[in-house]
Amino acid sequence: MLKRVSSRVNNEREEGIMKRTLVFLAGLVLLLMPWSEAMPYPDKPIKAIVGYEAGSAVDINARIFFKFMEKELGQPIAVVNKPGAAGSLGLREVHGASPDGYTIGVSPSINVLKIQGLLPYTHHDFDVLGVPAYTWCLLAVPAKSPFKDAKELAANAKANPGQVKMSTTTKGAVFWMLCKYFERITGTKLNVISNPGGATYIAAQLGGGHADAGFASIAPLKSQIDAGNIRVLGTTTEKRVPGFDQWPTLKESGIDMVMNGWIAYVAPKGLPPEVYKKLIAASAKVAASKEYIEENAKTGSITTPECIGQEAVKFLDEDAAKQRPILEELGAAKDK
Amino acid sequence: MGNGMRKESNKAELLFYSICCAFAIAFIRPSLKMGLGTAQELGPGLVPLIAALVILGTGIVLIVRILLGKGRTLQDEAVEDLHQKGWIRVLIILGGLAIWPLLSSAVGYVIPTFLVSFCIAKVTGYSGWRGPVLLSIGVALGIWVLFSRVFSTDLPAGFFF
Amino acid sequence: MSSFEHLLQGFLIVLTPTNSMVCLLGVLLGTVVGVLPGLGPMAAMSIMLPISIHYGPLAGLILLSGVWYGAQYGGSTTSILVNIPGEAASVVTCLDGYQMARKGRAGAALAVAAVGSFIAGSIGIILLQLFGPLIATAALSFGPPEFLAVMLFAFVTMATLSGDSPLKGAMMVGFGALVSTIGIDRIAGIPRFTMGIPSLMYGIDLIPVAIGLFGIAEVVRIALQRYTPPPLRPVRLRELYPNREEVRRSTMPILRGSFIGAFFGMLPGSSAALASFTSYSIEKSMSPNKKEFGKGAIEGVAAPESANNSAVIIALVPLLCLGIPFSPVSALLLAGLQMHNVTPGPLLLQTTPEIFWGLIAAMYIGNILLLVLNLPLVGLFARVATMKPHFLMPAVGIFCLIGCYAIRNAVFDVLVMIAAGILGVVLNRMRISVVPILLGMVLGSLLEDNLRVTIQWLNGDFSLVWSRPIALVILMLIPLYLVLVRFAQRRVFRNDAVG
């Protein structure tokens with residue numbers, strides 16, 4: 001009998017502690033809850049869904065863009081990372097979100113995901129805000145490599161089909177596309193080594209001399225280039241890159257190859273006209289701003305301030321047309 | 001452990017191994033379809049196929065061993081027989097957890113979390129009603145503060161927030 | 001300027017109010033994150049990323065890396081107390097740590113984990129300081145064949161984890177490997193076994209599976225047993241900490257674990273998890289107390305907890321000295337540095353040496369802070385183990401639930417956790433060990449990736465292997481290791497027979 005009384009007393013004491021904790025928590029919650037009233041767009045924080053891991057190339061570029069967009073729009077943009085399936089899972093969520101301007105998405109390959117069978121939508125199923133910048137790529141070799149320019153590499157590849165080891169990333173990704181595009185343009189066959197994940201392996205394999213060549217953007221390779229372990233044969237741009245003009249373009253070396261990695265910013269389709277206009281205006285302003293251009297140059301990107309809104313849609317159509325034959329040739333086209 | 005229990009546990013094992021084998025078999029055809037690749041380039045189907053065959057092989061051997069009566073030795077700890085109350089408890093916990101995703105996408109984070117916490121509390125022996133209710137509210141709110149505000153987790157939005 | 005003078009300069013830089021505060025904040029946050037199941041250092045670091053930019057390159061790096069190695073301390077806490085691995089690297093700690101807690105030795109396990117982490121961390125920092133560039137050159141000389149050789153070696157060591165029945169163990173390993181292939185193929189880029197369900201394209205992540213197999217199954221087990229409260233005698237201070245025997249047995253495992261972890265740290269991929277698994281396996285195979293492993297052997301806590309700490313410290317070597325991030329966490333650190341125009345790599349020591357030395361000094365301090373933080377908490381945490389289940393389990397259950405969700409903000413991970421929980425309950429009833437499943441998942445994907453890359457690299461020309469001395473040496477270690485294990489076991493047998 002005594003035991004039961006004491007256990008009841010204990011229970012009551014526990015409940016007392018719990019009640020006090022609850023009151024404290026309730027107060028904390030009330031303090032931290034989002035309070036809002038209706039105001040012109042945007043009147044609350046915007047959610048940006050990035051379908052890639054934090055710290056990845058896409059994520060870094062996106063965060064730079066959002067940093068400037070925040071200032072233009074006057075509301076914080078919260079980045080949420082939902083990695084998986086080449087960014088397509090994040091895009092699915094963006095597509096399903098309500099088109100009120102409070103959800104934006106990012107993608108470096110939105111125009112070809114349907115072709116690859118990863119997403120049942122193309123960029124036409126979203127409201128495209130713009131493609132404000134592209135990341136230029138370069139062809140690199142280990143420092144000890146005998147090749148002095150891209151032409152020599154191509155010649156060697158032609159003479160030794162399947163021997164030249166090209167380090168690259170997952171099939172279907174931009175850097176892999178570059179290798180295949182190179183094969184097509186030069187009419188050669190390389191030993192393309194697809195590594196899982198990002199450009200880390202490219203840097204390691206070139207820096208350590210385990211592969212003969214590779215395509216990548218400058219960001220993952222910069223440390224090894226500066227240290228002298230990796231040498232650049234050329235860039236995949238139309239003209240020499242300002243600030244890096246010691247490197248010839250592949251075009252100059254006789255290989256007419258211009259293909260770069262871009263990042264598109266999209267929103268769910270059906271934005272109200274004022275919201276759409278505001279977002280487009282902000283994107284255009286950011287893309288043209290000096291600070292944005294400078295920050296992009298640091299990460300190896302060049303801005304394209306004219307590629308906003310409808311211009312961006314056109315660009316995406318053209319780019320998809322370029323990529324389609326390569327994807328079909330390699331059996332990666334699943335939308336037939 | 002008597003012979004009757006031995007047969008029970010053998011039946012359970014047979015069932016389990018059969019399910020494993022069936023699971024493995026289900027993966028074989030898609031693996032072959034994806035392609036095993038060549039000596040220069042292994043296809044996406046090769047490793048899954050090997051894994052499936054390992055499961056299948058070991059499963060068959062284990063099944064045969066039970067059928068032949070060779071079986072295993074006695075267990076060192078007797079496995080308590082699950083009386084009905086036990087099954088209900090298991091179902092409540094697992095079922096509660098399973099319902100959480102469904103409910104939370106519909107009504108948000110707070111209510112399903114409260115319910116799951118309450119179920120677990122009751123099932124692990126919390127007597128009465130006030131205690132479990134208070135505890136569950138506390139747990140739900142505390143975790144909201146921690147994950148949603150400190151870690152910026154995107155918790156499902158619902159009636160409250 | 002000698003190395004010592006550089007280090008002194010580093011300390012001077014770090015002992016400023018900003019840098020000290022940032023160091024403390026980082027390790028504190030890291031410990032919290034490590035204790036929470038599911039949520040990993042990655043999530044906390046991404047949140048800190050914008051804040052770290054505010055402070056400047058060195059402070060930002062101190063903050064972010066503090067979260068990372070701090071999390072390795074906290075991860076063992078939930079493993080030991082409630083059998084829930086905080087992250088992949090803490091999985092093996094559950095095996096013996098939780099059993100020790102059930103025997104009332106939770107405090108000892110936690111203390112050994114904390115001290116082991118400290119010693120291993122210190123060894124890691126010393127190695128980084130003295131041999132950083134050398135280790136980096138070694139890491140760079142590892143190509144596809146070398147990585148494959150290392151994975152094969154690791155695979156062989158883990159044969160000892162298969163539990164009592166090698167057949168059942170093999171089946172579970174196969175199951176884990178098979179499950180790890182579901183999702184998007186990392187090399188070919190196509191979906192595998194997704195059956196048209198988009199969520200499956202996420203792939204099955206290791207942590208929800210581990211939490212389900214260990215944690216949820218444990219919640220169920222506790223719900224099934226008739227709860228007997230532990231004897232309510234006051235817990236003596238002496239019982240909270242390891243006794244002399246336990247300390248003696250932990251010393252060599254900690255040292256061995258530190259160096260094994262350091263080796264794996266310089267490899268790409270989930271090095272901390274691989275390090276802790278391998279360290280546990282090697283310790284178990286070579287130990288005279290082999291039979292105790294899985295039932296509460298202190299070595300089973302000391303070795304993996306040390307390995308994962310030194311692995312994380314050495315994982316900074318490729319980042320700082322090569323400028324190449326070998327894991328997603330390193331990539332985040334790299335991003336943080338690049339946003340300040342600092343390019344880590346071989347030139348770091350020449351252009352901005354203060355970053356390198358400042359970080360090393362900060363890590364020494366952070367390591368000590370973590371020990372000072374965690375040791376006194378041992379008593380507090382050990383008392384949690386004695387809390388009544390009906391209080392603890394609901395909180396634990398919800399932490400697991402939301403923790404899993406928070407990994408990728410995906411409901412799918414929660415579903416995986418539940419499915420794994422059901423499987424864990426079933427396997428527990430059948431007395432089949434769940435560890436091989438996790439082994440299959442970790443090693444399965446690593447082996448597959450490295451195998452496929454190496455085969456592409458060879459391109460049919462298998463004679464190329466002979467031109468890779470490092471790979472050959474590692475492969476020769478495999479039979480050597482097996483002989484050593486045999487030798488160690490014969491000694492055990494003889495000892496058993498005699499005494």
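Side-chain contact check for B/L155 versus C/Y405: some heavy-atom pair is nearer than 4.5 Å. In this structure, the side chains of C/F399 and B/V139 stay at 4.5 Å or more apart for every pair of heavy atoms. Here the side chains of B/I93 and C/M393 are not in contact, with every heavy-atom distance at 4.5 Å or above.
Atom CG of C/L167 and atom CG of B/L62 lie 5.0 Å apart (nearest 0.5 Å). Note that OH of B/Y17 and CD1 of C/I432 are 4.0 Å apart. Values are rounded to the nearest 0.5 Å. The SG atom of B/C21 sits 6.0 Å away from atom CE of C/M171, with the distance rounded to the nearest 0.5 Å. In this structure, the separation between CZ on B/F16 and NZ on C/K168 is 9.5 Å, given to the nearest 0.5 Å. One distance of note links CD1 of C/I402 with OG of B/S148; it measures 10.5 Å at 0.5 Å rounding.
Counting heavy-atom pairs closer than 4.5 Å to chain B, the top-ranked of the candidates C/L392, C/T181, C/V426 is C/T181. When each of C/I422, C/V396, C/I47, C/I216 is scored by its heavy-atom pairs under 4.5 Å with chain B, the top score falls to C/I47. Most heavy-atom pairs under 4.5 Å with chain C: of the set B/G59, B/S136, B/P44, B/S31, this distinction falls to B/P44. No other option in C/L178, C/I418, C/L458, C/V425 has as many heavy-atom pairs under 4.5 Å with chain B as C/L178. The candidate from B/C119, B/A140, B/A121 with the greatest count of non-hydrogen atom pairs under 4.5 Å with chain C is B/A121. When the candidates B/P48, B/G142, B/G96, B/P101 are compared by the number of heavy-atom contacts under 4.5 Å with chain C, B/P48 comes out ahead. Ranking B/L49, B/L94, B/V54 against chain C, the residue ahead of the rest is B/L94, based on heavy-atom pairs under 4.5 Å. When each of C/L36, C/L29, C/V179 is checked for heavy-atom pairs under 4.5 Å with chain B, C/L36 comes out on top. Ranked by heavy-atom pairs shorter than 4.5 Å toward chain C, the options B/F118, B/F23, B/W100 are led by B/W100. Top candidate by heavy-atom pairs under 4.5 Å with chain C, chosen from B/G138, B/G43, B/A26, is B/G43.
Using a 4.5 Å cut-off between heavy atoms, B/F147 touches chain C through its side chain atoms alone. Only the side chain of B/I143 comes within contact range of chain C, with heavy atoms under 4.5 Å apart. When heavy atoms are compared at a cutoff of 4.5 Å, C/L39 approaches chain B solely by way of its side chain, counted from C-beta outward. Both the backbone and the side chain of C/I455 come within less than 4.5 Å of a heavy atom in chain B. Contacts between B/L97 and chain C at a heavy-atom distance below 4.5 Å involve backbone atoms as well as side-chain atoms. Looking at B/L46, neither its backbone nor its side chain comes within 4.5 Å of chain C, counting heavy atoms on both sides. Using a 4.5 Å cut-off between heavy atoms, B/V61 contacts chain C through its side chain alone, with no backbone atom that close. For a residue to count as touching a neighbouring chain, one of its non-hydrogen atoms must lie under 4.5 Å from one of that chain's; by this rule C/F412 does not touch chain B. With a threshold of 4.5 angstrom between heavy atoms, C/M195 does not approach chain B through any atom at all. Using a 4.5 Å cut-off between heavy atoms, C/V220 contacts chain B through both its backbone and its side chain.
Considering all non-hydrogen atoms of both residues, C/A170 and B/T58 come closest at CB-CG2, 4.0 Å. Across all non-hydrogen atoms, the minimal contact from C/A177 to B/A51 is CB-CB, 4.2 Å. Shortest non-hydrogen contact noted between B/V123 and C/A223 is CG1-CB, 3.4 Å. Taking both residues in full, the closest heavy atoms of C/H390 and B/L135 are given as O-CD2, 3.5 Å, listed atom of the first, atom of the second, then distance.
Proximity to chain B at a heavy-atom threshold of 4.5 Å picks out C/I182, C/D185, C/A188, C/I190, C/P191, C/R192, C/F193 from residues 182-193 of chain C, in numerical order.
For C/P144, the side chain to side chain contact (heavy atoms under 4.5 Å, CB included) criterion is met by A/Q205, A/H210, C/V453, C/T454, C/W457, not counting sequence neighbours.
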